[in-house]
Amino acid sequence: MAMTASELRWTRVAAHLHDALADASAPLCAYVYDLEALRQHAAATVRSLPPGFELFYAIKANSDLPILQTLAPLTHGFEISSGGELAWVREHFAEVPLIFSGPGKTDAELASALDLGVDALHVESQHELERLAWLARERGVAAPVLLRVNLAIDGLHATTLMMGGKPTPFGIAGDQLPGCLAWLRTHPEIRLRGFHFHLMSHQLDAAAHLRLLDAYLQQVRLWREQYTLDTLDQVNVGGGIGVNYREPERQFDWANFAQGLSALSARRDGLTVRFECGRYITAFCGYYAMEVIDVKHAFDRPFVVASGGTHHFRTPYAQGHSHPFRVLPVEAWRYPFSRPGVGDARVSVVGQLCTPKDILAQDTQVDSVRAGDLVVFPYAGAYAWHISHHDFLRHPHPSHWYLPTENAYAAA
Ligand SMILES: *Cc1c(COP(=O)(O)O)cnc(C)c1O
């Protein structure tokens, strides 16, 4: 029977881990990134977009060079959120179109955005606008700007992580927008290209997200009429497409979403609509693998203690979920005494940190898990290593392995 694409990917990851295990002296702890899976997923996502829609990758989700090298030729550009990300990207990609967003940009960051060349800056407040205009005037250039707006939207379908639609530090509150637009009329150093919205992350409902985009586009249409804005060429609708870690078989229905976008296209009024997605692009390509050091019981509850922890893979703790995982059995056993393990049990998987918060999975059914086996967490390609507090307890960092794109496998 033919293997599904997902099983095939597991097989590759497992084969790589088993090879690595044979060489390892210390317990294995590693991130594995499947670049071919990333390439296929990103290419399919971009291909599904109707004309007039563009996809930028928000690199804060995972800014590793092999990830960016895989994505640069596929996406319309990168979204960056700091001077550090700007320098990192420009060091390796002289030409990739960039969007610079994020709160609290410093003068130095704004200046280097102007000097190194970005396609658009997303401005978060009147004061930031004034500083940017001042820096642009000094340089004799016009800064391409989208105003990030924090909009109250009727019937907004909230998710577990909201950046707008309520009081937050992000964007310009809707009631301050008229003041900013009036100020812009006398400041040609700023070229207003459009508006930016990023009200939420973890969106799992495609229909709700289409309704949200529809509300954005209606709002932009109203502003264009009301303030006779004739320089606009785009609307940035943010990222925020979620990954369902709790019920992995029920992911965001991108195919339906893309169809809905075609229907929404009439609302664009000729503007380009940009997405800047992070999680949805890279989450699926990453795996965090830990070798089981011990299996023990406490008050009848089995605990799997494995090499690594939330200092490498903070995602489950950050999101408050029990992360799905697989056990990869390893037959080799190096000790002359018996091997701890459990069968047909509900286990918690914990790491090596001296805190009860170091839990990656809770109360999860397994057929069998023993010391020396590997536990492997999928959906670990975004906001995983990059959001973790790596040096707490000074354990060694995990290995980072990047399984190459296509041809290497096509030959095999
Ligand atoms: C983090 C962020 C994104 C990406 O969000 P995802 O949920 O990863 O898609 C996009 N835009 C802005 C402004 C962000 O802060």
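Read the numbers this way: they start at 1 and go in the same order the structure lists the ligands and their atoms.
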Hey, can you pull the donor-acceptor pairs under 3.5 Å for the side chains in residues 217-229, sequence neighbours left out?
unit_1	atom_1	unit_2	atom_2	d
Arg221	NE	Asp269	OD2	2.9
Arg221	NH2	Asp269	OD1	2.9
Arg224	NH1	Asp269	O	3.4

Show me the donor-acceptor pairs, under 3.5 Å and distance only, between side chains in residues 391-404 and residues at least two apart or in other chains.
unit_1	atom_1	unit_2	atom_2	d
Asp391	OD1	His397	NE2	2.9
Tyr402	OH	Asp64	OD2	2.7

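Looking at Ser201 next to ligand 1, an N or O pair under 3.5 Å apart turns up. Considering backbone and side-chain atoms together, Arg148 places no N or O closer than 3.5 Å to any N or O of ligand 1. For ligand 1, the polar-atom distance check against Lys60 finds a nitrogen or oxygen pair separated by under 3.5 Å. Some N or O of Arg279 is nearer than 3.5 Å to an N or O of ligand 1, by distance alone. Checked by distance only, ligand 1 and Tyr383 come closer than 3.5 Å through their nitrogen or oxygen atoms. Residue Gly239 has no N or O atom closer than 3.5 Å to an N or O atom of ligand 1.
Considering His321, Arg314, His312, Met290 in turn, Met290 is the only one that fulfils the side chain to side chain contact (heavy atoms under 4.5 Å, CB included) rule with Leu360.
In this structure, Leu177 and Leu147 have side chains that are in contact, with non-hydrogen atoms separated by less than 4.5 Å. For the pair Val375 and Arg326, the minimum side-chain heavy-atom distance is 4.5 Å or more.
Nearest heavy atoms, Asp119 versus Gln234: OD2-NE2, 4.2 Å.
Ligand 1 places these atoms under 4.0 Å from at least one heavy atom of Gly278: 4 (C), 6 (P), 8 (O), 9 (O).
Using a 4.0 Å heavy-atom cutoff, Gly240 is listed among the residues neighbouring ligand 1. Proximity of Cys277 to ligand 1 is established by a heavy-atom distance of less than 4.0 Å.
When non-hydrogen atoms are compared, ligand 1 lies under 4.0 Å from the side chain of Glu79 (C-beta onward) but not from its backbone. With a 4.0 Å cut-off on non-hydrogen atoms, Ala58 touches ligand 1 through its side chain and not its backbone. Here His122 has no heavy atoms under 4.0 Å from ligand 1, in either its backbone or its side chain.
Taking the six-membered ring for Trp and the full ring otherwise, the centers of His122 and Phe100 sit at least 6.0 Å from each other. Residues Phe377 and Tyr379 place their aromatic rings such that the two centres sit no closer than 6.0 Å.
A donor-acceptor contact shorter than 3.5 Å is absent between the side chain of Asn62 and the backbone of His386.
When hydrogens are left out, the protein atom nearest atom 10 (C) of ligand 1 is Glu276 O, 3.2 Å; that is the closest non-hydrogen contact.
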